[in-house]
Amino acid sequence: MALSLFLIKEIPYSSSILSSLFFPLFKVQVIISRTLTSFKFPASVFTSVKQYSSSPLVISPSSDHGSLFYCCGDASFYASLLGSSTDKKHVDQVHAQLLVSSLRHNGFLITKLVNVSSDIGYICYARKVFDKFSDPDVFLWNAMVRGYSKHNMFGDAIDLYSRMQAMGVSPDCFTFPNVLKACSGSQALEFGRRVHGQIFRHGFECDVFVQNSLVAFYAKCGRIGRARTVFDRLCDRSIVSWTSIISGYTQNGEPMEALRVFSQLGRSNVKIDWIALVSVLRAYTDVEDLEQGKAIHGCLIKLGLEHEPDLLISLTAMYAKGGQVMVARSFFNQLEEPGLILWNAMISGYAKNGYAEEAVELFRKMNAKNMRTDSITLRSAILGVAQVGSLELAKWMDDYVGRTEYKTDIFVNTALIDMYAKCGDVDFSREVFDRTAGKDVFVWSAMIVGYGLHGRGREAIDIYYTMEQAGVSPNDVTFLALLTACNHSGLVEEGWKLFHCMKDYAIKPQNQHYSCVVDLLGRAGYVEKAYRFIKNMPIEPSASVWGALLNACKIHRHVTIGEYAAEKLFSLDPNNTGYYVQLSNIYATARMWDRVAKIRAVMKGKGLSKDLGYSAIEINGELQGFHVGDKSHPRSREIFEELENLEKRLKEAGFVPHTESVLHDLNYEEKEETLCNHNERIAIAYGLISTAPGTMLRITKILGHA
DNA sequence: TTAGGGTTAG
């Protein structure tokens with residue numbers, strides 16, 4: 001109907017539409033200006049017009065876009081015109097018509113105009129319309145607040161709501177959901193609390209819409225306890241209430257509780273819909289229970305929802321995170337035009353599971369298709385690049401980011417800092433770090449991690465103190481980064497001191513922190529001190545803690561403590577080959593051959609074999625990976641000749657290899673294990689024969705993905 | 001006329 005008005009332009013070709021469809025439906029009178037008479041309306045049109053002549057429809061030419069038609073219908077006529085608007089030009093035209101009509105002060109139509117403009121992303125226009133209206137009612141205020149909330153302009157939404165209150169307009173049940181969305185979007189916890197008070201005062205404590213919004217608000221602001229209280233007090237819980245609290249728990253890192261609530265939901269009479277299932281899938285993804293997630297997948301198939309595009313995103317993410325990237329990819333491939341979030345889920349799934357090249361390739365494909373990318377796409381792609389380990393690719397990625405609106409995005413820059421460090425150039429990390437404005441604890445921590453990775457422990461510690469001076473509080477990640485950095489640089493005292501600083505910030509050390517300290521003490525030879533340190537731990541030591549102790553025992557030939565650590569490890573992680581090999585090496589060093597043989601028999605009985613890592617080097621932009629004892633490269637002979645040559649020169653220079661444990665009759669693999677740097681050496685040798693003297697060689701070590 | 005929940009993430 002609305003379109004037919006604008007089709008008047010085409011009247012010479014479609015006069016029947018005008019006369020048969022348009023005019024009979026709206027009681028309007030048409031006055032056609034003389035300039036348009038060339039359209040040669042058929043006589044029937046004028047007859048219709050005369051028949052329905054309660055209000056005037058003026059048609060006159062406009063200079064801007066061909067012919068513009070001013071008309072005056074009734075309010076529902078304008079509403080239907082606006083309702084069908086999908087572009088700014090249409091809205092402009094209808095607004096222009098409205099302005100010259102007697103309905104220009106009609107609050108209902110102005111509200112509709114504001115709603116429609118903000119729906120099509122014409123938010124500043126909506127505000128202009130809003131501002132021109134002198135006496136907005138609650139509907140109009142709601143429409144404007146809704147517009148801002150919808151476009152993530154949370155501050156404006158909150159300002160407007162405050163102004164509304166100052167003007168003495170009473171909010172209604174449609175006001176609060178939008179205001180609360182703005183509060184959670186901008187993490188305005190205090191303001192939201194006040195809104196909660198107002199909800200109570202205005203008597204909306206039983207409105208399920210308003211209360212659901214409150215649950216979501218508290219959950220998104222990290223106040224899951226408050227969210228639960230609101231949820232528990234709800235007189236009538238809808239599926240939205242349940243979904244809000246379930247996803248709230250997942251968002252707050254409590255997926256187990258989310259699943260408990262979900263089982264309660266199963267016992268209630270509320271019908272479960274697909275959005276509820278999406279949040280449950282997320283919870284199973286987070287508890288890393290792929291089997292249970294598969295069961296939910298089964299439910300979805302039963303409900304006939306498995307092809308729901310938004311569910312495919314959750315399924316893709318779940319399978320990708322669970323390491324089943326092929327299954328994830330099959331979901332991705334199901335859609336002809338996967339949306340942005342699905343691309344993101346797939347790219348990050350690849351990147352997080354060691355399929356770095358696939359991640360980068362998919363990102364490139366996305367670009368080739370001219371798809372829109374966002375901050376999350378970039379973060380995932382950067383993670384992929386970091387794991388590929390190529391500095392060339394890293395620079396390309398950095399350039400790419402520089403051409404987007406995300407070059408100042410703090411999350412993206414954190415990822416870039418990490419990427420450069422992992423690709424071998426921490427000074428580039430520092431450049432990104434220096435140009436990042438508004439550094440938060442993650443940015444600082446990423447830089448500390450970078451320096452630590454490169455054995456520049458002092459710089460890591462310096463940066464930490466600068467961070468403190470800048471008034472940014474460290475978190476558990478910061479301390480882990482610091483302890484790791486001290487570890488790599490052998491800064492025992494500094495590490496010990498920093499570990500004890502954790503309590504100043506009320507950060508409870510986790511197993512990772514403890515294992516770092518054990519490693520630090522152990523490597524420096526304080527094996528017994530490390531052992532006592534573990535014995536005094538307030539939490540149950542994990543395998544990584546005992547593993548660090550075992551490693552220290554191997555280095556410092558401590559059989560008794562080594563056996564103790566190994567016993568703990570065998571019970572915690574019975575199938576990990578590394579611990580058996582390490583204990584066997586401890587025995588070998590102590591020349592306790594009978595025990596070496598015993599360990600080997602146990603390993604054989606369990607059918608354990610080694611999981612190899614590899615090292616990679618980039619030559620002329622091409623990445624080459626080497627496994628331990630890798631002879632598959634076409635230039636393998638030259639590489640091993642260079643390696644021998646290198647070892648000869650090392651010996652001449654006075655290098656004494658640590659060979660005690662290789663002297664006895666260990667089998668081939670065990671010898672390879674003992675020469676733990678072997679694959680790095682191959683990569684170095686390849687680098688030396690492939691580059692001009694003086695060229696910087698960057699070796700990337702990739703663990704456990706053979 | 002207007003409204004609430006989910007999925008990708010340093």
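Fair warning: this is a prediction, and the values are worked out from it, not measured in the lab. Lettering of chains follows the sequences in order, A, B, ..., and the numbering in each one begins at 1.
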Exercise. Answer with base, sugar-phosphate or nothing: what part of the nucleic acid does A:Val280 contact at a heavy-atom distance below 4.0 Å?
Key: nothing

Practice problem: Look at the side chain of A:Ser348 and decide which nucleotide, out of B:dA3, B:dG6, B:dT8, has an atom nearest to it. | Solution: B:dT8

Quiz prompt | With A:Phe204 via ring pair (Phe, Tyr, Trp, His ring centres under 6.0 Å) - residues at least two apart | solution = A:Phe176

Quiz item: So, is A:Thr243 close to the B:dG6 phosphate, meaning a side-chain N or O under 4.0 Å from OP1 or OP2?
Solution: no

Practice problem: Name the orientation class of the two ring planes belonging to A:His95 and A:Tyr125 (parallel below 30°, tilted from 30 to 60°, perpendicular beyond 60°). | Solution: perpendicular

Quiz item: According to a strict under-4.0 Å criterion, is A:Lys181 in side-chain N/O contact with OP1 or OP2 of B:dG5?
Solution: no

Quiz item: So what does A:Ala446 hit on the nucleic acid, given a heavy-atom distance under 4.0 Å: a base, only sugar-phosphate, or nothing?
Solution: nothing

Exercise. Compare side-chain N and O positions of A:Arg379 against OP1 and OP2 of B:dG10 and report whether any pair is under 4.0 Å apart.
Key: no

Exercise. Give A:Asn413 one of three labels, base, sugar-phosphate or nothing, depending on what nucleic acid heavy atoms sit under 4.0 Å from its own.
Key: nothing

Quiz item: So does A:Ser238 reach the base of B:dG4 with its side chain, donor to acceptor, closer than 3.5 Å?
Solution: yes

Quiz item: Which part of the nucleic acid does A:Leu312 contact within heavy-atom distance under 4.0 Å: base, sugar-phosphate only, or nothing?
Solution: nothing

Quiz item: Looking for any heavy atom pair under 4.0 Å, which part of the strands does A:Gln251 touch: base, sugar-phosphate only, or nothing?
Solution: sugar-phosphate

Quiz prompt | A:Lys352, nearest nucleotide to its side chain (from B:dG4, B:dA9, B:dT2) | solution = B:dA9

Quiz item: How would you list all residue pairs meeting ring pair (Phe, Tyr, Trp, His ring centres under 6.0 Å) that involve residues 232-260 of chain A, not counting sequence neighbours?
Solution: A:Phe231-A:Trp242

